[in-house]
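The analysis underlying the following values was restricted to heavy atoms, covering all of them including side chains, and did not include hydrogens, waters or symmetry mates. Computed from a predicted model, the values in this text were never measured in an experiment. Just follow the structure's listing: the first ligand is 1, and inside any ligand the first atom is 1. Numbers here simply count residues along the sequence, with the first being 1.
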Amino acid sequence: MAVHTSPARGLITNSIIPVLLILCAALSFGLTFAPCYSSLCVEKFWPYQARIHIALYYALLASIALFLTARVVSKPVRQWSSTHLSTAIIPLVGKRVSVGGLLLFVWVAAFTFGSIGYWYPAENSYWTARGEKANWPQYMYRITWTGVTGHWCDILMGLVILPVGRQSILGQVFGLHVSTLLFAHKVLAYSLCIAALIHGLIYYSFVAAWVSIVSTNIMYQFIPDNPTLTWREAGVKGPYSWFTLPTGAISGIVLIPIMVITSLPVLRRINYNTFYYTHVVFATAVIVLVSLHTSTSFYFLLPGLILWLADWAWRVRNALGRKVEVRVQNAGNGWYRITLPAKEAELEKGDSAASLEATPDLLSTYYVNMPSVSSLQIHPFTAAAIGHGSSPPVLLFQKGPERKKAKQRDREWTWKLGALVDVNKEEAAPIPARIEGPYTPKVPSLYEADHILAVVGGTGITGALCIANWWAAKHSSLPAQTKSFRLVWTIRDGATAQVEEVQQLQALMRGAPNMEFHVHVSRAEGRLDVEEEVRGFVAPKEGARQGKVWVYVSGPEGLLAGVETACVRQKKLLRGEGSGGMVSGLEWYVARWSL
Ligand SMILES: Cc1cc2nc3c(=O)[nH]c(=O)nc-3n(C[C@H](O)[C@H](O)[C@H](O)COP(=O)(O)OP(=O)(O)OC[C@H]3O[C@@H](n4cnc5c(N)ncnc54)[C@H](O)[C@@H]3O)c2cc1C
Ligand SMILES: NC(=O)c1ccc[n+]([C@@H]2O[C@H](COP(=O)([O-])OP(=O)(O)OC[C@H]3O[C@@H](n4cnc5c(N)ncnc54)[C@H](OP(=O)(O)O)[C@@H]3O)[C@@H](O)[C@H]2O)c1
């Protein structure tokens, strides 16, 4: 069940990307020489350009993989690539621009628009010849550009389908956070929508011109469902060759827009399940349809498709395929506790070795499916206790947001599960479940840090509990100047702090002079000043911290944005001062849940 990285597994994982790229590139090249089953077989008309297109696409993937590998192996490259160009958040996008992000954007755009260089001359000479043959040359530029823009979609579609979910091989190999991958996925998806719209509109303008001609001779030279064919050729080849327009139109006008609309944050947050199932089912349909549409679409989808299938196969085999029994309990004051079975590997290892491991599964997430609550839904939770030896991993959760209609609210997963265990408040109810995880992000700076500040809000406390307990076991007896830990937890209501896991940590921290736990009750004290929290920790007025600082933030969106902005500012200030101060580095980690 666990996603551990043994040396053998690490080697296999690291070789997957180069092996996959080589295999897919070879297969795509090979297929251009084999019988083609798409409605429009690009390589039959433009074999040379089709193969250049494939070669450049795989060169693009390989160069991105190389860049991401350089980020993993070289700290200076990682630091340079994650440097923010400005502290300001770009409106609408909701992100800051980093050097690496900008570079990748420009690189993908260069390959996408660069394809005009080899597609335009080829398409132009083909369509000009066809136009002259039909004695109708004036509208051929429209269909030329339809072809050129269609090849932009090949590239963007191939990139957009690369899996970015929890088990994503890209995340594992390149240490990328799910939220970074999802952001890239969104940028590519929106770009694909624009490219597909341009492609569709240009073709529509060609069909409009075709419809308006009176000459049947010209009309016979092109069939709108697949303009590479004349009516006579289409008759010989059969209805299969007429699928180019319908497959493109269904994907571009119906399926992709519905996927994009249901994934918009405002709709996704109201109805996550509609977003999720629409995305999975429609994505499958789009893959089939665009592969029928043109052959190059299929060649470009290959790597993502293989990774996607492998991802699902792994999940079904390792987690979704077997049920375990978990214990669920009302933990009081709005909290619920899910106790998972103890980890098999840890049971074998024994207690002490696992608890002091240099890089335990901190910040790990488990995905829970409980058929008695919903057979299809899988919900993510950050471990509040990672579990070691015979002590099991523990998840803490609160019910999701209130809904206007009580009936609708009671159908939500967390509310349904809460209601199941509310009947018996004392006992933990055994419930059959399928558990995926732990999925653990790679955060080397957490383990290298000398001083940790965790600023968390509401349910965001869960991940911080794990970090604090691990820190207490490792560093609690050291002087505060060299090692320190501060946890600031902002909650609306004081009663929220009355939960066993928090009280145990508070008791532990009372005996540790270099650890602080500050609970901020916003209803009584007003909003927490996060800028001041970060500044006060990184550059305290009295005394000084020596070494590296790491900031963890988890909580509502505004809190995440506020802390991240404060960190970006402090980092700029630290750079300005050089290492005149005692702090030798500042890194942070934003645990983003709003996927
Ligand atoms: C990585 C991660 C870690 C989390 N850790 C915790 C935790 O430790 N404790 C805790 O109380 N909550 C945690 N959450 C939030 C928790 O998953 C949601 O509260 C829960 O899924 C809500 O389900 P619902 O159907 O009752 O509510 P809904 O009203 O349907 O949804 C409430 C919110 O949860 C999101 N959501 C709903 N279903 C899912 C899903 N299947 N996958 C992802 N997001 C979903 C929606 O976008 C919405 O913003 C975490 C979320 C993520 C993504
Ligand atoms: N890691 C994550 O991404 C994460 C973690 C936890 C929760 N969430 C999401 O956030 C939403 C609410 O979660 P919740 O019910 O646990 O929290 P909540 O009760 O709404 O808020 C918790 C605390 O955060 C404070 N807060 C909110 N915005 C802030 C800001 N901009 N600056 C400083 N303090 C701020 C609140 O103060 P005020 O009273 O002043 O608002 C409150 O004290 C849910 O949708 C949940 O899924 C996300």
Any N/O of Trp593 closer than 3.5 Å to an N/O of ligand 2? yes
For ligand 2 and Arg527, I'd like to know whether there is a polar contact (N/O to N/O, distance under 3.5 Å). yes
Answer yes when Lys75 and Glu448 have at least one side-chain N-carboxylate O distance shorter than 4.0 Å, and no when they do not. yes
Any side-chain donor-acceptor pair under 3.5 Å between Gln377 and His379? yes
Return the set of residues passing ring-ring contact (aromatic ring centres under 6.0 Å, His included) with Phe275 (not counting sequence neighbours), or none when no residue passes. Tyr272, His279
Heavy atoms only, cut-off 4.0 Å: how does Ala384 contact ligand 1, side chain, backbone, both, or neither? neither
Part of Arg492 within contact of ligand 2 (heavy atoms, under 4.0 Å): both
I want to know if ligand 1 touches Arg592 in the polar sense, i.e. an N/O pair below 3.5 angstrom. no
State whether the shortest distance between N or O atoms of Glu557 and N or O atoms of ligand 2 falls below 3.5 angstrom. no
So which bit of Trp593 gets within less than 4.0 Å of ligand 1, heavy atoms only: side chain, backbone, both or neither? both
Go through the side-chain N and O atoms of Thr565 and Arg96 and say whether any donor and acceptor fall under 3.5 Å apart. yes
Are any of the N/O atoms on Thr365, whether in the backbone or the side chain, positioned under 3.5 angstrom from an N/O atom of ligand 1? no
In terms of side-chain geometry, is the basic nitrogen of Lys399 or Glu412 positioned less than 4.0 Å from the acidic oxygen of its partner? no
Kindly identify the option in Thr459, Leu396, Leu267 whose heavy atom sits closest to atom 9 (N) of ligand 1. Leu396
Going from CD1 on Ile435 to CG on Leu395, what distance comes out if it is rounded to the nearest 0.5 angstrom? 7.0 Å
Hey, looking at atom 7 (C) of ligand 2, which of Thr459, Asp493, Thr382, Val456 has the closest heavy atom? Thr459
Please compare Pro380, Ser179, Pro401 and report which has the shortest non-hydrogen distance to atom 33 (C) of ligand 1. Pro401
Partner residues of His177 under the ring-ring contact (aromatic ring centres under 6.0 Å, His included) criterion, sequence neighbours left out: Tyr589
